[in-house]
Amino acid sequence: MDECYKPETVEAKWQAYWTSEGLHKVQEDTSKNKYYLLEMFPYPSGKIHMGHVRNYTIGDVVARYKHMRGYNVLHPMGWDAFGMPAENAAIANKTHPARWTYDNINTMRQQLQRMGFSYDWDREIATCRPEYYRWEQWLFLKMYEKGMAYRKESYVNWCETCQTVLANEQVEAGMCWRCGKPVRQKKLAQWFFKITDYADDLLVHCDLLSGWPDKVVTMQKNWIGKSIGAEIRFPIENSSQYISVFTTRQDTICGATFICLAPEHPMVLELSANTPQSAAVTAFVDRISMQDRSVKGIEAYDKEGVFTGACCINPMNGRKMPVYTANFALMGYGTGAVMSVPAHDQRDFDFARKYSLEIIVVVQPEGSVLDPSQMTEAYTGEGLMVNSGDFNGQKNTEALQSIADYLEAHDLGKRTISFRLRDWGISRQRYWGAPIPMIHCDACGIAPAPESDLPVVLPEDADLLEGGHSPLPTLPGFMNVVCPQCGAPNARRETDTMDTFVESSWYFQRYCSPHYHDGMFDPRAVNYWMPVDQYIGGVEHAILHLLYSRYYTRVLHDMGMVSYKEPFTRLLTQGMVCKETVHCPTHGFLFPEDASSGKERLCNICHQPVTIGRVEKMSKSKKNVVDPNILLQKYGADTTRLFCLFASPPERSLEWSEQGVDGSFRFLSRIWRLSTAWLPYIQHVSAFDGDMGSLSPEHRELHKKIHQTIFKVTTDIEDRFHFNTAISAVMELVNMMYGFSASDSSPELARMFRLAIESVVLLLSPVTPHIAEEIWHELGYSSSIFMATWPTYRPEALVKDMLLVVVQVNGKLRSKFTIDADAEDDAIERQALADERIVKCIAGKTIRKVVVVQKKLVNIVV
RNA sequence: GCCUGGGUGGCGGAACAGGUAGACGCAAGGGACUUAAAAUCCCUCGAUCCUUGUGAUUGUACGAGUUCGAUUCUCGUCCCAGGCACCA
């Protein structure tokens, strides 16, 4: 063993060994318990960033740990390889999305391998390969057959200049992110998955996701957004038609004084036609369609609306109610129509005040009287019913039921449940995605592509067009197809591609049998491996990716393809990797290496002092990034892994610190030196496992510390994934070991040190596998430490023979003493009261009470 | 606005069942080794005060409360981060 710790040598050596031994390849093995550990696969954006490093390090530690605990561990890696950045990069760099994607995959695979992660690379998948997406297309056809995939008109963010649909996050303050021109809402035929069929099931099962963080479960519940209420029909004056509204407050129906329709509501233009309001309504609807409805961050639009010229009749009391169209009514929720009760809904209140509409109180809070003319805000609390005919005097919570009963009995409406969740729009007018396997024929309309056509291959010879719209419609070889139903020669392929969330909704099943040719996955393999026992990824996917995956799994379940409904048993969402920002007055944000180090940091370009900003999520735009490659060169993979885990528990954000990394490197060097110093003495002895009674006090303490450390590390990893405290426990052990000198070692101490060093190396091996492997082999083992068994602690070694008792007076610490572990409570109390310092403390005072906490603490109250 | 988490030394973080607050690491200071430096090893390290002690007081965002005892439980306030945001 080299005198000095040189990670580059050690790491290259063992990575080569692991690969040549095929150490991380796995197969189904029914004689062993399986453990499926999955980290969210990356988008191949170019290079691995610190967020990946952290995510995959956490996963690798768990995978290696579980393997050492005897599980058959599936730990795969692959690429979420379709998506828009490839198209943008291709246009910018005059290359092709496929080329760009595959190049990135190669780079990133190398980086991951350099980190020493224990992936079974034979199972690598890339979702942009036809072997992968053909099965997604196959399932699409099955879903189409069942009505689970369908096409409908829907509003999308549309940029006229770029002739393309924009995702919500591509709309910046109402403008196209690419060309800066205004984005408008356009009606377009799009493909959808009927996730709303599963809304209730997805919601109900939220409560069974006991292995998920509460935060994520709550976010999923809120996203699904179930509301219980009623749908009520309001007849239109002088017409046989009616407007249907959804409300959760049917108790307030007698206070409803007007109706609001979403601007896109089909009745808006119909009602206003041939009225004096017609022109105003058309103008309003046009204007609202230009408003971006999805951008976050800008303040909510002012509530505004226009009278449609028509009125409704309140079915409860015959009141005439004007019908408005208003920007705050959403076509996508409920029925797209709202019964407005200004006295008891803040939005309606604001609207009524603005347009001088009537306000009628129907719920009176107990102990006070609301006067509509004096009210400054809506009253949304509970109270007694007033102005509501037969229902007056009831509690409004009762009226919620009795009015629903009344509406149902008189056929005016019915109880309904509404969900916030909408169907999943999967159409993208994009090139770099999985083609939707459908065909448009002038004669027969829409027809599914025959299964024999699959995969409908995305042509890779396309030239990407400036402006970003898809080249697919311009490719005759792709577009032109014979109609599979009527044989017409002039049918056209669907040119929309699928949302990339579709690929990530089932990849975890593909990993079980990545090379299977006869279906999405081999049922035998999936039955063995699924569900995923532990899923690890960024909290940013807490809603969409996880919800879509849960939905897609249900679809597979209901087709009889899988036996489970929930794909991920346990979920860990790791926090972000953050770093301070550095800002130069002339050069803006600086990369950390572009500012000098030291007390006063200067810009390396202009030598002005820089300002150190807040600690923020690492991002290219703020330049507060650390390149994993540089770290790997300087410190190696083990140090990088160690620091990622040591600096903070996984679910919290991690603040990157250069000095902290130094500290981690120092710790590994300390272990290295300790090993080289002791190896000559311990190489040929066996680890101590004898009688503890005969040990000298120092050796006994060391022995106890070793077993305490094994206990602590095991429980920290097993119960909570708190690697930071596990690592500090090992540091404590190493600190204690530094108190012994190898040169005056006895045979007994040599055996103890053999145990200590083996334990340190085994306990750290999931975190820092390379250095652990090196020392392991130096200890004389010929097979990989990865194949070793996780150490067990001797419970009898943890038994304390002396206890430290803390003595408080009135809850304040005044003294401590040690006493035999088998001392009784009253003996402890007697000794506490006899303690010199305690006697001084309580002199002249009356003891009112003495509390003794079993073998731990005495509190004397005076 | 609503829903989640969080606020502990100069810093990252411990305290996993209400019982010694600050484990471990970083930074800082001191010492040893060295011609010197680096590296390494050892020691000190929340604040204030004094009689320098296994000293006193104070201290886990702030204010109350429950308790013999609260970083931990309850209520209220402030701040920070994340999510949702006209959802009827």
Side-chain angles (χ1 to χ4, degrees), chain A residues 4 213-219 221-223 225-227 229 245-249 252 260 262 293-294 296-297 300-303 326-330 332-341 345-348 350-351 418-422 539-540 542-543 575-576 578 614-617 643 646-649 651-664 666-667 669-670 673 712 715-716 719-720 722 724-732 734-735 738-739 804-817 836-837 848-851 853-854 856-862:
Chain A
C4 169
D214 293 345
K215 173 169 79 165
V216 177
V217 173
T218 310
M219 281 161 79
K221 282 183 183 171
N222 292 344
W223 188 263
K226 181 179 184 171
S227 332
V245 306
F246 173 76
T247 180
T248 55
R249 291 296 305 273
T252 63
C260 287
R293 313 284 227 107
S294 55
K296 299 162 196 168
Y301 292 104
D302 276 348
K303 286 155 196 55
N327 61 344
F328 64 81
L330 303 174
Y333 185 75
T335 60
V338 187
M339 74 170 204
S340 293
V341 186
D345 180 284
Q346 191 56 44
R347 241 175 356 201
D348 297 344
D350 295 342
F351 195 84
S418 220
F419 290 95
R420 210 190 80 105
L421 181 70
R422 321 280 165 79
V539 71
E540 63 273 22
I543 301 175
M576 303 174 301
C578 303
R614 296 195 308 153
V615 173
E616 292 185 69
K617 179 181 178 176
F643 180 72
F646 180 65
S648 135
E651 66 279 4
R652 271 214 246 172
S653 63
L654 175 138
E655 192 191 326
W656 197 263
S657 128
E658 210 61 47
Q659 291 101 328
V661 183
D662 267 330
S664 293
R666 268 201 296 266
F667 173 59
S669 308
R670 261 162 86 78
R673 276 195 307 275
K712 170 86 175 145
T715 50
D716 279 350
D719 303 346
R720 329 186 283 171
H722 276 204
N724 56 332
T725 49
I727 293 165
S728 49
V730 180
M731 286 173 169
E732 282 183 55
V734 169
N735 288 347
Y738 262 81
L804 180 68
V805 176
V806 180
V807 190
Q808 300 179 333
V809 175
N810 289 343
K812 281 181 185 166
L813 176 73
R814 287 298 131 131
S815 184
K816 337 175 182 182
F817 58 85
E836 204 183 316
R837 265 184 306 264
R848 299 222 305 248
K849 190 173 174 185
V850 179
V851 183
V853 179
Q854 21 106 33
K856 213 177 208 173
L857 175 141
V858 180
N859 188 14
I860 300 159
V861 188
V862 293

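Protein chains get the first letters and strands the later ones, always in sequence-line order, with residue 1 at the start of each. The analysis underlying the following values was restricted to heavy atoms, covering all of them including side chains, and did not include hydrogens, waters or symmetry mates.
Here C84(B) presents its P atom at 18 Å from NZ of K221(A), a figure rounded to the nearest Å. Separating the CZ atom of R720(A) from the C1' atom of A14(B) is a distance of 9 Å, rounded to the nearest angstrom.
For C68(B), the base has no donor-acceptor partner in the side chain of K849(A) [N/O atoms by modelled type, under 3.5 angstrom]. At a cut-off of 3.5 angstrom, counting only N and O atoms as typed in the model, there is a donor on one side and an acceptor on the other between the side-chain of R422(A) and the base of C87(B). For Q659(A) against G25(B), a side-chain-to-base donor-acceptor contact under 3.5 Å is absent.
Residue K816(A) is classed as a base contact, given a heavy-atom separation below 4.0 Å to a base. Using a 4.0 Å heavy-atom cutoff across all strands shown, S657(A) reaches no nucleic acid atom at all. If you check every strand for non-hydrogen atoms under 4.0 Å, L804(A) touches a base. Counting non-hydrogen atoms under 4.0 angstrom, P649(A) reaches the backbone sugars and phosphates but no base. Note on Y738(A): only backbone sugar-phosphate atoms sit closer than 4.0 angstrom, heavy atoms only; bases stay farther off. Among the atoms of the strands shown, base atoms are found under 4.0 Å from some heavy atom of V338(A). Across all strands shown, E655(A) has heavy atoms under 4.0 Å from sugar-phosphate atoms exclusively, and none from any base. Within 4.0 Å (heavy atoms only), G334(A) reaches no atom of the nucleic acid at all. Among the heavy atoms of the strands, none lies under 4.0 Å from S669(A).
Within the structure, every side-chain polar atom (N or O) of S340(A) is placed at least 4.0 Å from both OP1 and OP2 of A88(B). For R652(A), a side-chain nitrogen or oxygen approaches OP1 or OP2 of A14(B) to under 4.0 Å. R420(A) has a side-chain polar atom (N or O) that falls below the 4.0 Å cut-off from OP1 or OP2 of A85(B). Side-chain N/O atoms of R666(A) include one lying less than 4.0 angstrom from OP1 or OP2 on A27(B). Contact annotation: N724(A) does not reach the phosphate of C24(B) (side-chain N/O to OP1 or OP2, under 4.0 Å). OP1 or OP2 of G25(B) has at least one side-chain nitrogen or oxygen of N735(A) nearer than 4.0 Å. For C87(B), one of the phosphate oxygens OP1 or OP2 lies less than 4.0 angstrom from a side-chain nitrogen or oxygen of R347(A).
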> Could you go step by step and tell me if R420(A) and N222(A) meet the side-chain hydrogen bond (donor to acceptor under 3.5 Å, both in side chains) rule?
Replying inline: CA-CA 8 Å; R420(A) 210 190 80 105; N222(A) 292 344; over 6 Å; no

> When you look at V217(A) and K221(A), which way does the side-chain contact (heavy atoms from CB on, under 4.5 Å) test go after all the steps?
Replying inline: CA-CA 6 Å; V217(A) 173; K221(A) 282 183 183 171; 4.0 Å; yes

> Would D716(A) and R720(A) satisfy salt bridge (Lys or Arg N to Asp or Glu O under 4.0 Å), going step by step from the backbone distance to the final call?
Replying inline: CA-CA 6 Å; D716(A) 279 350; R720(A) 329 186 283 171; 3.6 Å; yes

>> Evaluate V851(A) against V858(A) for side-chain contact (heavy atoms from CB on, under 4.5 Å), listing each step before the verdict.
In response: CA-CA 6 Å; V851(A) 183; V858(A) 180; over 6 Å; no

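When the nearest nucleotides of RNA chain B are assigned to R673(A) and G660(A) by heavy-atom distance, the more 5′-ward of the two goes with G660(A). If S728(A) and T218(A) are placed on RNA chain B by their nearest nucleotide, the residue sitting closer to the 5' end is T218(A).
Here the CE atom belonging to M339(A) is positioned 12.0 Å from the SG atom belonging to C260(A), to the nearest 0.5 angstrom.
Atom name C1', nucleotides A32(B) and U48(B): the rounded distance is 33 Å, in whole Å. A28(B) and G18(B): their P atoms are spaced 38 Å apart (whole Å). Taking atom C1' on both nucleotides, C73(B) is separated from A17(B) by 13 Å, rounded to a whole Å. U58(B) and A21(B): their C1' atoms are spaced 13 Å apart (whole Å). A15(B) sits 12 Å from G7(B) when the P atoms are compared, rounded to a whole Å. Here the separation of G19(B) from A37(B), taken at their C1' atoms, is 50 Å to the nearest Å. A gap of 13 Å separates the C1' atoms of G13(B) and U60(B), to the nearest Å. Using atom C1' as the reference point in both U40(B) and U57(B), the two lie 41 Å apart (nearest Å).
D345(A) places no side-chain N or O within 3.5 Å of a backbone atom of S340(A) that could act as its donor or acceptor partner.
Shown here is N735(A), whose CG atom has more than 12 heavy atoms of other residues, nucleotides or ligands within 6.0 Å.
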